Amino acid sequence: MNIFATFKTRIDAVIGQLVAEGALPAGLDLSKVAAEPPREAAHGDVSTNAAMVLAKPAGKPPRDLATLLVERLKQVTDVTDASVAGPGFINLKIADNIWRDGLHDVLVQGTAYGDADVGKGEPINVEYVSANPTGPMHVGHARGAVVGDALARLLSKAGFAVTKEYYINDAGGQVDNVAAALRMRYLQVLGKITADDVKGALERKEIQYGGEYLIPAAEALVARDGDKWAAIEDPAQWVPALRDFTVAFMMKIVKEDLAALGVQHDVFTSEKALVTAGKVNDALKFLADAGLTYTGVLEPPKGKTPDDWEPRPQLLFKATQFGDEVDRPLAKSDGSWTYFAADIAYHKDKVDRGFTNLVNIWGADHGGYVKRVKAALSALTAGKGQLDVLLAQMVRIFNNGEPVKMSKRAGNFVTMRDLIDEVGKDVVRFIMLTRKNDAPLDFDYAKVTEKSRENPVFYVQYAHARGRSVFRHAAEMFPTADLSDAGLAKADFTRLTDPDEIGVMRGLANWPRTVEGAALAHEPHRLAFYMYDLASQFHALWNKGNDAAELRFLQAGDQAVSTARLALVRGVGLVIASGLKVFGVDPVEEMR
RNA sequence: GUCCCCGUAGCUCAGCUGGAUAGAGCACCAGAUUCCUAAUCUGGGGGUCGUGGGUUCAAAUCCCGCCGGGGACACCA
């Protein structure tokens, strides 16, 4: 049970009681009344803003109302004291046993501790990565992948029914371009042209993709089809077949890279399949029937008119009716659908599959695209659909402060693989989650593998490993003791009396509300900071034992106090493990 | 020209959707290792929250105007 939620309920009950007695007017809105940990522990255990929020509707000055509430709150179960502070805060002191009960919950629930039901089982669709199947993924994709995956796990923990989705852009011109590049590599593998010929074609911009990662794809094509495509010159003949081959090959690489990062999607939706199934036509008909499309001519963009700008009539979507700056084109000048048109169909498809709650993780370079997709979703769902777009900002790679720009295999960018090979998936994942998504992130190979407090991955893992180390010693010291979670749950927690021990239990009690808040705000990075803080509390408690031997976790002559403290150590380990689980990071047993 | 994001200690960043004296790490200074991992811990100095208004009991947080940095701006995806 979430301790702060419990007290929020009890505070509401007190207010309800005063209303029933006529001391407060009926119909007060209690939604803004909060029960939170005070900023400073010295203020108490639970703090509420009730008097300040209700002052105006109740027609009483905040401090008067607070005084009234305090008298009643003192009578509430588990409250040992209540006082008014500052402009009208009410600080409650509560019985230490509440924190001990919280620790008991941790041991009983394990890594499920902190699971919430704010999602009420509602479906939510999290779409992330969705990298074009044109080549290996880069570090930007890695960030999107990690943020999306952690958010999905976080939302699950908070009680949402999450679907993790990947949109394959396999229908546009760029996959035709890769097919053309693949054909060059194919001819190269067959010995019909040289590597320099390919380079020349790239420089003349006859092909757009020069990465060597296409060579294995070409070899695979030779293995499957021999040289049959070499003789066929007409693009209309070879493009469709080579395109499908390339997409399949690239998606295999994408999935392998994602697997190396521990990322797995539930659903892969193909743009081409949507087009083939007529979903684009359906979606546009839906908008047309609603009177939201028309044929018109767009103005040139102000301040930056392209050289080749010319007025052309196009089918447009009335995005301005939904808050966008201009109406957006659905058809190109040659009559084919735009990417946006297909994207509308894709989002309609999500809605048709039962999702009204959508989250998309995109790169920051797609920022200008957000409004039109939100507009489209609004139009498709009569305003009922919720779409949150998280833009993952730039990732810059360094090694000891020196920028790293090139990849061995991809040419002009650092790939996701490079990153994983360099520092391991756990470090990649954790570090990517130490910033909010809309802040740029610097990733330094040297710093993220450093063994110091400055490196949050290490610091948190070290706390976990230290806890495990205590257990290894405990098993020797108390060979007959039941050190399982269930056994520890039966320990005598009243032996935990040191202020810092209580403090750590307070920290554990904050986990559920941290999970809830982070999930609702779509901000998984908050968990990273929570874990760092908890680790810090734990390291501090550990070191207290260095100064005062009687505070060490293990007391050879006192099994009762030792098991109680082991329960606390285990509680910290479980909550850290639970946070790392959301991050998709494996907790370590020891540091080496 | 328009839109989006960012601006908090010398540096890197938090700040729990409006609350109390704005917090961490690094760096700097001073300390703690016969003892569960000192890879850690304890203490100290350091901030007009870019700036000017507004909203209210209360603003780093919400609204408006500026300044500075980044990104995106017809038919590409």
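All values reported here derive from a predicted model rather than from experimental measurement. Naming: A, B, ... by sequence-line order, numbering from 1 per chain.
- Applying the 4.0 Å criterion to OP1 and OP2 of B/G15, one finds that A/His525 has a side-chain N or O inside that range.
- For A/Arg312 against B/C75, a side-chain N or O and a base N or O form a donor-acceptor pair under 3.5 Å.
- For A/His366 and B/A72, the NE2 to P distance is 11 Å, given to the nearest whole Å.
- In secondary-structure terms, RNA chain B builds stems of at least 3 consecutive Watson-Crick or G-U pairs, each pair having both distances under 3.5 Å, at B:1-7 with B:67-73, B:10-13 with B:23-26, B:28-32 with B:40-44, B:50-54 with B:62-66.
- Stacking annotation: A/His43 is stacked on the base of B/A20 (ring centroids less than 5.5 angstrom apart, interplanar angle below 30 degrees).
- Salt bridge A/Asp442/A/Arg396: present, at least one basic N to carboxylate O contact under 4.0 Å.
- Residue-level contact check: A/Ser469 touches the bases, meaning some heavy atom is under 4.0 Å from a base atom.
- Using a 4.0 Å heavy-atom criterion, one finds that A/Pro329 contacts the sugar-phosphate atoms exclusively.
- Among the atoms of the strands shown, only primed sugar atoms or phosphate atoms (P, OP1, OP2) are found under 4.0 Å from some heavy atom of A/Lys56.
- Closest-nucleotide positions on RNA chain B for A/Lys32 and A/Asp170 were compared, and the one nearer the 5' end corresponds to A/Lys32.
- Within 4.0 Å of A/Ala55, counting heavy atoms only, lies no atom of the nucleic acid at all.
- Residue contacts for A/Glu590: at a heavy-atom cut-off of 4.0 Å it reaches a base atom on one of the strands shown.
- Contact check, A/Arg453 against B/G25: a side-chain N or O comes under 4.0 Å of OP1 or OP2.
- Base orientation of B/U17: syn (glycosidic angle within 90° of 0).
- Nearest nucleotide to the side chain of A/Glu325, out of B/U40, B/U2, B/G15: B/U2.
- Contact annotation for A/Asn455: no contact, since no heavy-atom pair falls under 4.0 Å across all strands.
- Side chain of A/Arg513, nearest nucleotide from B/C75, B/U37, B/C16: B/C16.
- The residues A/Asp343 and A/Arg372 are annotated as not salt-bridged, no charged nitrogen and carboxylate oxygen being separated by less than 4.0 angstrom.
- Regarding contacts with the backbone of B/A22, every side-chain N or O of A/Arg39 stays at 4.0 angstrom or more from both OP1 and OP2.
- When distances run from any side-chain atom of A/Trp542 to the nucleotides B/C13, B/U37, B/U42, the shortest one goes to B/U37.
- Between B/A38 and A/Arg466, a contact under 4.0 Å exists linking OP1 or OP2 to a side-chain N or O.
- Scanning for ring pair (Phe, Tyr, Trp, His ring centres under 6.0 Å) contacts around A/His43 gives an empty result, with sequence neighbours left out.
- Evaluation of the salt bridge (Lys or Arg N to Asp or Glu O under 4.0 Å) rule for A/Arg328 yields A/Asp324 as partners, not counting sequence neighbours.
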